[in-house]
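Below, read A as the first sequence line, B as the second, and so on, with proteins coming before strands; counting in each chain starts at 1.
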Protein chains: 2
Amino acid sequence: MLNNKRRFSLMTTNSHSSSQKVGTINGTKVNEMHAVEAPLSGAADEAFVTSLRGRFVEGRFVYRQIFAIRSYEIGPDKTATMETLMNFLQETALNHVTSSGIGGDGFGATREMSLRKLIWVVTRIQVQVQRYSRWGDEIEIDTWVDAAGKNGMRRDWIIRDHYTKEIITRATSTWVIMNRETRRLSKIPGEVKKELVPFYLNRIAVASEEKDCEKLDKLTDDETSERIRSGLAPRWNDMDANQHVNNVKYIGWILETVPIEVLEDFNMTSMTLEFRRECRQSNLLESITIPTTRVIGESNNSINRKPHLQYTHMLRLQDDRIDVVRARTEWHFKQKLQ
Amino acid sequence: MLNNKRRFSLMTTNSHSSSQKVGTINGTKVNEMHAVEAPLSGAADEAFVTSLRGRFVEGRFVYRQIFAIRSYEIGPDKTATMETLMNFLQETALNHVTSSGIGGDGFGATREMSLRKLIWVVTRIQVQVQRYSRWGDEIEIDTWVDAAGKNGMRRDWIIRDHYTKEIITRATSTWVIMNRETRRLSKIPGEVKKELVPFYLNRIAVASEEKDCEKLDKLTDDETSERIRSGLAPRWNDMDANQHVNNVKYIGWILETVPIEVLEDFNMTSMTLEFRRECRQSNLLESITIPTTRVIGESNNSINRKPHLQYTHMLRLQDDRIDVVRARTEWHFKQKLQ
């Protein structure tokens with residue numbers, strides 16, 4: 001064991017710049033002379049770090065970020081979870097804004113929005129998963145924005161396998177602007193529109209006929225008896241930097257009322273979330289799931305890849321039964337590898 | 001809006017290789033000629049992807065991985081959470097094994113271990129946080145292993161600010177080997193030792209006098225009245241690839257019985273976890289926290305940076321009160337920025 005003095009000097013040593021590194025390896029003193037480091041120069045190192053957050057492609061209209069699926073981003077079946085995908089989508093969206101040069105001081109807000117105390121609020125998001133990535137897989141996510149009606153913005157994403165370029169996930173979302181103090185929705189001010197328009201790209205990730213535009217109905221009490229879980233309490237760490245429940249956390253609560261056999265034997269191939277109300281730390285939630293279609297067996301001959309199972313979900317405040325999130329999910333039976 | 005045919009060809013286009021990319025941007029047709037892409041060549045791209053998982057430094061005795069703190073890895077105070085740090089530590093450890101060439105088919109097991117159906121089990125981990133990183137910060141994590149007694153392995157980590165090289169976190173852990181079928185502890189077979197020894201590095205991340213070797217006492221029923229939460233149920237997504245509760249999930253349950261004011265106003269500066277029993281999906285847990293020291297005000301003049309608060313924690317099976325995890329945490333009052 002090294003003596004204290006030497007150990008401390010070792011621990012604070014920067015292995016890139018130190019010229020006096022000495023350590024004990026398997027009982028034998030060694031120094032830098034014996035070391036063969038991976039050839040990664042300082043400049044390459046900095047380029048790598050810059051690339052970690054992604055970069056613009058296609059003339060700054062598309063923002064692309066590469067991810068390697070990490071060990072803790074997979075579920076029990078060793079593939080990336082829907083939560084992981086949603087986290088990745090959020091990350092690329094925020095890095096897109098930051099890298100665009102129009103970013104303000106908030107979570108994805110532009111400078112002109114920040115000046116007016118305006119924030120983005122997502123009202124709906126739809127994710128279609130063709131294939132879930134496995135631990136160690138590399139994926140690349142493209143994201144871009146476009147106008148959505150007069151006072152909204154659409155943000156789309158395409159996830160590809162980094163090597164084969166196979167499209168493995170498509171997603172689309174709608175955003176509106178809210179005043180962070182009054183919590184009322186706002187029109188997009190002209191100055192904000194001026195910031196956004198140069199980035200607008202008229203391209204869609206989810207084909208019109210695949211887009212889930214159907215109204216998500218409120219579940220009535222009669223229907224809600226089937227699968228319900230009450231007393232879901234947001235934890236301190238479930239809050240985001242705006243002191244609201246992080247959107248991704250809702251997925252976990254929704255999945256709490258999906259039968260365990262479905263989680264084990266089916267892949268969630270589609271999820272549509274409609275955000276209807278903000279949720280704060282003090283709120284207690286109730287999660288409800290009801291099956292809406294069951295067409296097992298029909299899908300093998302179907303071109304449209306009809307789901308084997310479909311569910312409607314609701315997260316509502318336990319006290320006054322006001323709904324916070326409505327959702328629809330589709331599931332396909334897992335192809336088991338022999 | 002593009003017609004269907006063109007839209008589909010766009011969506012399946014690989015922007016790296018396509019020579020015929022045409023899109024509509026703000027109503028005007030554009031093609032690749034107008035695009036100015038960030039200068040990242042195919043070769044640089046591959047080097048980047050390889051680097052995502054980290055690399056060996058210091059003559060293959062130390063493994064280093066760089067992380068940029070992502071938007072969803074921070075808590076309400078906009079700094080990385082303890083869960084995030086623990087995830088990063090796990091990730092570097094697994095990538096270390098995979099990159100070493102001795103990896104088997106399991107979660108960090110070596111080839112000779114896999115042949116014998118042996119898996120690693122962590123028995124204790126201690127993390128000392130000097131400073132929590134913020135969203136966007138870049139950190140680098142060094143990890144290495146050494147022998148721990150006759151039948152254990154020690155794994156240490158140092159987290160540095162990537163730019164200043166300031167040490168911001170130190171961690172140490174103890175691992176033993178278990179038969180994955182009998183679930184009994186095993187000696188380290190000679191063949192496994194032969195795989196490991198070439199990587200052993202006699203260097204410690206946590207100084208002996210800082211190491212928390214104190215026994216973590218079982219909390220008695222008298223003590224446990226203060227803060228207790230029952231009915232904690234592991235969710236399907238809390239399971240790891242071995243069908244056990246992921247170690248990191250325990251942190252969330254432990255924090256559920258820490259007062260919210262502490263979570264808000266204090267930083268957790270140290271955490272020691274002792275893993276005593278496996279936990280499966282069907283188990284219901286109980287989380288208990290009791291304060292063990294309270295020395296607010298003394299710390300300003302203290303060289304040893306004594307904690308302002310200290311807690312002892314226990315997670316136990318609700319049915320038979322057998323403890324699964326014992327823990328100790330230390331907390332310092334947050335320095336509020338003016």
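- Taking the six-membered ring where the residue is Trp, B:Y72 and A:F88 present tilted rings, their angle falling between 30° and 60°.
- No salt bridge links A:D156 with A:R203; every basic N to acidic carboxylate O contact stays at or beyond 4.0 Å.
- Contacts of A:L263 with chain B are made by both backbone and side-chain atoms, with heavy-atom separations under 4.5 Å.
- Under the rule for a side chain to side chain donor-acceptor pair (under 3.5 Å), the partners of A:E91 that lie at least two apart in sequence or sit in another chain are A:N95, B:S71.
- Looking at A:F67, the atoms closer than 4.5 Å to chain B (heavy atoms on both sides) sit in the backbone and in the side chain alike.
- Both the backbone and the side chain of A:R70 have a heavy atom closer than 4.5 Å to some heavy atom of chain B.
- Considering only heavy-atom pairs separated by less than 4.5 Å from chain A, the leading option among B:E83, B:E73, B:E166, B:E256 is B:E256.
- Annotation: maximal heavy-atom pairing with chain A below 4.5 Å, among B:D238, B:T81, B:V49, occurs at B:V49.
- For A:Q128 and A:E210, the side-chain atoms include at least one donor-acceptor pair closer than 3.5 Å.
- Using the six-membered ring where Trp is involved, A:F107 and B:W135 have ring planes that are tilted, between 30° and 60° apart.
- Ranked by heavy-atom pairs under 4.5 Å with chain A, the list B:N87, B:V248, B:L255 is led by B:N87.
- For B:L94, the part lying near chain A is the side chain, with the backbone staying farther off; criterion is any non-hydrogen pair under 4.5 Å.
- Within the 4.5 Å cutoff, side-chain heavy atoms of B:W253 are placed close to those of B:V245.
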